[in-house]
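Each ligand, and each atom within it, is numbered from 1 in the order the structure gives.
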Amino acid sequence: MEEIKVFCPATIANVSCGFDVLGLALDSVGDEMVIRKTKEKGIRITKILGQNLPLDAEKNVAGVAGFALLAQADYNGGFEIEIDKIIKPGSGIGSSAASSAGAVWGMNQLLGNPFSELELVAFAMQGEKLASLVAHADNVAPALFGGFTLVRSYDPLDVVAVHTPKELFATVIHPQIEVKTADSRKVLKTSISLQDGIKQWGNLGGLITGLFTEDYDLISRSLQDHIVEPIRSILIPGFNDVKKAAQAGGALGSGISGSGPSIFALSKGEETALEVGKSMKEVYKKIGIDFEVHVSKINTQGCKKIS
Ligand code: HSE
């Protein structure tokens with residue numbers, strides 16, 4: 001295979017109680033990339049549609065993640081990349097992660113899959129480091145593995161695939177403002193109280209258990225964030241009203257998607273997820289802020305070949 005076209009899914013990181021460790025992949029929104037082997041060494045980004053992002057591979061997350069892979073690959077050639085960028089940068093649904101994960105996943109396919117999924121996560125994290133100054137894996141891991149993933153440890157890197165309940169659907173509303181992950185990390189405190197820690201790891205354990213046992217009530221009780229949401233939500237207009245609207249629409253719970261400004265909700269069943277979307281929309285219609293809404297089943301496959 002000399003060329004591959006890849007779908008790279010959008011992702012929701014943190015999922016309320018799992019800051020920097022938990023994430024999930026979406027199905028209805030993602031980027032498309034064409035990756036081609038070249039005789040010429042190195043990486044060239046030849047086309048980016050949809051967004052104004054650097055073509056210089058050293059400055060583009062897809063290029064940087066790709067260089068991390070190339071440095072470990074037994075391969076004498078290079079790659080050319082074309083990106084159809086559907087996910088807006090600064091949206092909170094893993095824009096940089098989709099490019100980073102898609103690049104290394106596609107390259108691995110073209111080389112005959114010499115690298116494991118975990119190795120691909122480590123390469124893609126280099127793209128995240130360029131975008132947000134921190135090599136977090138909670139977007140790239142679900143983009144590569146699909147479903148929910150838990151980063152059990154960063155050093156050594158250990159990523160666990162978490163079961164996805166069959167009837168779980170996500171709703172995401174994206175108010176059309178840009179929040180850079182690097183900026184929304186700067187506002188966070190660097191230490192937390194033991195009391196907040198107890199609440200947070202109780203909820204994270206509850207959420208993981210609820211996902212594995214398909215216990216929707218437990219998932220609902222566990223979708224709480226006592227540490228990051230109270231601080232970051234100040235950057236998101238109408239946040240508390242959108243949360244109330246999600247609850248009124250029947251969601252199991254809601255919170256900030258990644259570093260925002262998108263807000264996600266999880267629901268049991270597609271019908272409820274659509275209802276939640278309608279309810280959330282009303283808030284931004286009233287405030288007069290443009291928005292996009294995505295309703296999606298959880299993508300259990302991750303990056304995939306589309307041609
Ligand atoms: N865990 C990261 C953060 C995700 O919240 O900063 C960024 O999408």
Intermediate values then yes/no, side-chain contact (heavy atoms from CB on, under 4.5 Å), Asn76 and Lys41: CA-CA 7 Å; Asn76 270 330; Lys41 290 184 183 183; 4.0 Å; yes
Side-chain heavy-atom pair Ile263, Phe239 within 4.5 angstrom cut-off: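 When only atoms from C-beta onward are counted, Phe239 and Ile263 do touch, with a gap below 4.5 Å.
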side-chain hydrogen bond (donor to acceptor under 3.5 Å, both in side chains) partners for Glu292, two or more places apart: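 If we apply the side-chain hydrogen bond (donor to acceptor under 3.5 Å, both in side chains) test to Glu292, skipping adjacent residues, the hits are Lys88.
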Evaluation steps, side chain to side chain donor-acceptor pair (under 3.5 Å), between Ser96 and Glu128: CA-CA 6 Å; Ser96 53; Glu128 291 293 65; 2.6 Å; yes
Close-range residues for ligand 1, whose non-hydrogen atoms fall below the 4.0 Å threshold: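 Residues within 4.0 Å of ligand 1: Ala13, Asn14, Phe19, Asp20, His136, Asp138, Asn139, Thr181, Arg185, Arg232, Gly258, Ser259.
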For residues 51-67, dump all side-chain donor-acceptor pairs below 3.5 Å to protein atoms at least two apart in sequence or in another chain.
unit_1	atom_1	unit_2	atom_2	d
Asp56	OD1	Glu58	N	3.0
Asn60	OD1	Ala62	N	2.8
Asn60	ND2	Pro54	O	2.9

Expected list for residues 140-165: side-chain donor-acceptor pairs under 3.5 angstrom, two or more places apart:
unit_1	atom_1	unit_2	atom_2	d
Arg152	NE	Asp158	OD2	2.9
Arg152	NH2	Asp158	OD2	3.0
Ser153	OG	Asp155	N	3.2
Ser153	OG	Pro156	O	2.5
Tyr154	OH	Asp20	O	2.5
Tyr154	OH	Ala137	N	2.9
His163	NE2	Glu214	OE2	2.6

